[in-house]
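Have a look at the structure below before the remarks.
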Protein chains: 2
Amino acid sequence: MARNPLTREEVMETAASLVQQQGPRALTMRKLAAELGTAVTSIYWHIGNREQLLDALVERTIQEMGAIRPTGRTPHARIVSVGRALRTALRERPQLIAMVHERGLTERMFLPAQQALVHEAHAAGLRGELAAEAVRAVQFQVVGFVLVERNRERSPAQHPSEGELWDSPTAGHDPALARALAGPVDAEQLFLVSLEALVTSLLAVAAGDT
Amino acid sequence: MARNPLTREEVMETAASLVQQQGPRALTMRKLAAELGTAVTSIYWHIGNREQLLDALVERTIQEMGAIRPTGRTPHARIVSVGRALRTALRERPQLIAMVHERGLTERMFLPAQQALVHEAHAAGLRGELAAEAVRAVQFQVVGFVLVERNRERSPAQHPSEGELWDSPTAGHDPALARALAGPVDAEQLFLVSLEALVTSLLAVAAGDT
DNA sequence: ACCTGAACACCGTTCAAGT
DNA sequence: ACCTGAACACCGTTCAAGT
């Protein structure tokens with residue numbers, strides 16, 4: 001029970017921990033009020049409605065992430081490092097992904113990496129629209145991958161549907177392929193392979209190589 | 001009011017149209033019952049609870065999509081064509097994406113393309129784990145992109161946050177870059193560029209070129 | 001300026017009771 | 001086998017009333 005006057009900060013704090021522990025669906029105004037020891041309606045006075053609360057939480061989490069610092073020598077390595085760091089940062093905050101998911105705020109997840117990517121794209125010799133395209137390609141790639149990855153993890157069931165391919169005409173001739181597709185995904189490796197591929201192509205354009 | 005005995009089919013049909021028109025959030029058991037002219041509880045007898053209903057709808061929509069047929073001459077072109085077709089098919093069914101979103105079923109969206117991709121990867125000379133990796137890389141790429149794209153479209157607000165970069169140190173030196181980043185995304189082009197890049201790299205591996 | 005309880009209009013789900 | 005209404009335990013939000 002909080003006797004001292006309720007604070008916007010206090011509400012945010014409690015809401016954040018609630019989301020962190022049980023996901024955004026569990027963040028109900030009434031539960032939150034109970035946790036805070038106040039009436040439900042007090043929250044409305046300080047924060048507004050549930051949507052605004054979620055928005056504020058998303059913003060807060062993004063702030064906490066801070067900037068992303070590239071590592072490595074070559075432009076290629078540095079851009080890839082930004083992608084990896086962004087994925088790591090997002091995966092460390094599954095609640096963020098879930099909240100962004102629930103509302104339509106994916107582009108918020110782009111922000112932490114954007115400055116760094118712009119800088120690196122420029123350093124790699126990309127200019128103007130081409131640089132913008134490269135920045136966005138990496139952002140879409142990374143965020144998209146993380147969305148798929150998380151969504152996959154959320155799914156409780158095994159993925160037996162992929163087993164269908166075991167006896168598909170093509171896979172039947174290639175047992176190793178069938179086995180690999182039936183098995184679990186090595187997300188880490190898949191992420192790296194895809195990102196490397198993308199960056200390679202983007203930089204090939206910069207080098208004048210078509 | 002439906003006097004004839006309620007059918008599982010009838011429930012699914014009505015539920016589908018409800019989702020199509022107003023999104024999965026509007027699919028409430030009570031609204032659905034009202035639409036059908038029955039008591040809410042009848043639905044439970046035929047279908048089960050809301051989760052099972054959504055699962056069934058997802059499955060149904062996937063079935064409707066049917067198989068994806070590659071076009072083009074070269075392996076590269078054919079794989080890219082599968083990616084494009086998959087994206088188009090998904091974008092034509094925004095309700096599917098929303099439903100899959102709400103539940104954790106992303107991998108269901110992988111299925112329509114998988115057979116075709118396996119075939120094409122094989123035709124391109126990829127075998128075993130390498131082929132599996134290529135198939136999955138394309139799947140993740142396409143589905144991830146569509147997820148980001150859709151989520152972006154759902155967001156009502158403009159994206160002023162990207163304007164931040166206008167006066168970022170790097171972008172400041174490159175007005176064309178700043179302008180491009182502040183403007184809207186050409187999703188179509190971004191998708192193609194990324195997909196082409198990925199496929200090029202995946203096939204380079206097949207050609208023995210490291 | 002801040003907090004409150006009552007009330008409204010919704011939910012999904014269960015269950016005993018009907019035919 | 002199929003359908004029903006009542007009931008339970010939840011929601012978010014508004015609003016008039018308090019201090």
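From a predicted model like this one, the values you see are computed outputs, not experimental measurements. Throughout, protein chains are lettered first and strands after them, A, B, ... in sequence-line order, and every chain is numbered starting at 1.
- Taking a cutoff of 4.0 Å between a charged side-chain nitrogen and a carboxylate oxygen, A:Arg78 and A:Glu120 qualify as a salt bridge.
- Between A:Thr41 and B:Met29, it is A:Thr41 whose nearest contact on DNA chain C lies nearer the 5' terminus.
- Taken residue by residue, residues 46-53 of chain A places heavy atoms nearer than 4.0 Å to DNA chain D at A:Asn49, A:Arg50.
- Taking 4.0 Å as the cut-off between side-chain N and carboxylate O, A:Arg30 and A:Glu35 do not count as a salt-bridged pair.
- Here A:Ser42 lies in heavy-atom contact (under 4.0 Å) with a base.
- Considering only residues two or more places apart in sequence or on other chains, A:Glu51 meets the side chain to side chain donor-acceptor pair (under 3.5 Å) condition with A:Arg103.
- Look at B:Glu153 and B:Arg150 and you find a salt bridge, because one of the NZ, NE, NH1 or NH2 atoms lies within 4.0 Å of a carboxylate O, short of that distance.
- Ion pair A:Arg91/A:Glu149 flagged as a salt bridge, since at least one NZ, NE, NH1 or NH2 atom sits closer than 4.0 Å to an Asp/Glu carboxylate oxygen.
- The pair A:Arg60-A:Glu13 meets the salt-bridge criterion, since a charged nitrogen lies less than 4.0 angstrom from a carboxylate oxygen.
- For B:Gln52, there are no side chain to side chain donor-acceptor pair (under 3.5 Å) partners at least two apart in sequence or on another chain.
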Q) In dot-bracket form, how is DNA chain D paired, counting a Watson-Crick or G-U wobble pair only if both its distances are under 3.5 Å and using | for bases paired to another strand? A) ||.|||||...|||||.||
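- Where DNA chain D meets chain A (any atom under 4.0 Å from a heavy atom), the bounding nucleotides read 5' to 3' are D:dC11 to D:dC15.
- Taking 4.0 Å as the cut-off between side-chain N and carboxylate O, B:Arg84 and B:Glu196 do not count as a salt-bridged pair.
- Taking the six-membered ring for Trp and the full ring otherwise, B:Phe191 and A:Phe140 have centroids separated by 6.0 Å or more.
- Not counting sequence neighbours, the partners of B:Glu188 by the side chain to side chain donor-acceptor pair (under 3.5 Å) test are B:Arg87.
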